[in-house]
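Chain A is the first sequence line, chain B the second, and so forth, proteins listed ahead of strands; every chain is numbered from 1. Note that these values count all heavy atoms, side chains included, but never hydrogens, waters or copies made by symmetry.
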Amino acid sequence: MGLYPWELNFIMDTYTSYQMNEETWEQLRSVTQAPNAPAQKQRCQANARERDRTQNVNMAFNTLRHLIPTEPADRKLSKIEILRLAGSYITHLDNQLYTGDMEQPCLKKSDTVYKTSLCTFCWSTLKKKK
DNA sequence: TAGGCCATCTGGTCCT
DNA sequence: AGGACCAGATGGCCTA
């Protein structure tokens, strides 16, 4: 296994927080030369782009997360929970907009269709009022 | 300790 | 050709 300078730079960019000492860097530099350079360079660049893209997705998730009211407000939500709750919250707001009554709890259809139940967000609002 | 969640790497596909 | 997007694989961390 060998490392090229750009790979070394990449490692330095990514892992500077690990506080590697000079000796460790010298060991890394000593293995710097490997075959198939262009392909490896392209792969490293693609990996970096993918990391950026993933970070962008995470930023979007964070933005969306802050729009969803929870109790407590800073409750940790997984990505799938964020998506599901966001959908529920949109439905909740849509119901309130439709009825025009912000005080009136909205109802959601349950799985069985025949039954209706209190919407999650109305439920938490009612709990807070008690 | 198992299961859930996540970040990262990787290769494939599609688009410009 | 190069970049964006996506899904699968993998390994680490955390919690019940």
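- Comparing the start and finish of the helix from B/dT1-C/dA16 to B/dT16-C/dA1, five pairs each, the helix axis swings through 10°, to the nearest 10 degrees.
- If you chain together hydrophobic residues whose side chains sit under 4.5 Å apart, A/I68 and A/V57 fall into the same group.
- As rounded to whole Å, 12 Å separates atom P of B/dC5 from atom CZ of A/F61.
- Separating the CD1 atom of A/I80 from the C1' atom of B/dC5 is a distance of 11 Å, rounded to the nearest angstrom.
- Tested against A/T70 for a side chain to side chain donor-acceptor pair (under 3.5 Å), the candidates A/E81, A/R75, A/R65, A/K76 yield a single pass: A/R65.
- Side-chain nitrogen and oxygen atoms of A/K76 include none within less than 4.0 Å of the OP1 or OP2 phosphate oxygen of B/dG4.
- A/Q45 has no side-chain polar atom (N or O) that falls below the 4.0 Å cut-off from OP1 or OP2 of C/dG2.
- Residues A/P69 and A/F121 share a closest heavy-atom pair of O-CE2, 3.5 Å.
- Side-chain polar atoms of A/N47 and A/R43 form a donor-acceptor pair below 3.5 angstrom.
- With hydrogens and angles ignored, no donor-acceptor pair closer than 3.5 Å exists between the side chain of A/R53 and the base of C/dG3.
- For the pair A/I82 CD1 and B/dC5 C1', the computed distance is 12 Å after rounding to whole Å.
- At a threshold of 4.0 angstrom between heavy atoms, the contacts of A/E50 include nucleobase atoms, whether or not backbone atoms are also involved.
- To the nearest 0.5 Å, atoms OG1 (A/T91) and CD (A/Q96) are separated by 12.0 Å.
- Spacing between atom CZ of A/R84 and atom C1' of B/dC5 amounts to 13 Å, rounded to whole angstrom units.
- For the OP1/OP2 pair of B/dC9 and a distance below 4.0 Å, the side-chain nitrogens and oxygens of A/R51 include at least one atom meeting the criterion.
- Closest to the A/N47 side chain, of the nucleotides B/dC5, B/dC9, C/dG2, is B/dC9.
- With sequence neighbours left out, the salt bridge (Lys or Arg N to Asp or Glu O under 4.0 Å) criterion links A/R53 to A/E50.
- Between A/E81 atom CD and C/dT15 atom P there is a gap of 14 Å when expressed in whole angstrom units.
- Protein atom CD of A/Q42 is 15 Å distant from nucleotide atom C1' of B/dG12, rounded to whole Å.
- Taking CG of A/D94 as the start and OG1 of A/T99 as the end, the distance is 9.5 Å to the nearest 0.5 Å.
- Taking atom NZ of A/K79 as the reference point, atom P of B/dC6 lies 6 Å away to the nearest angstrom.
- Following rounding to the nearest Å, A/R49 (CZ) and C/dA4 (P) show an atom-to-atom distance of 6 Å.
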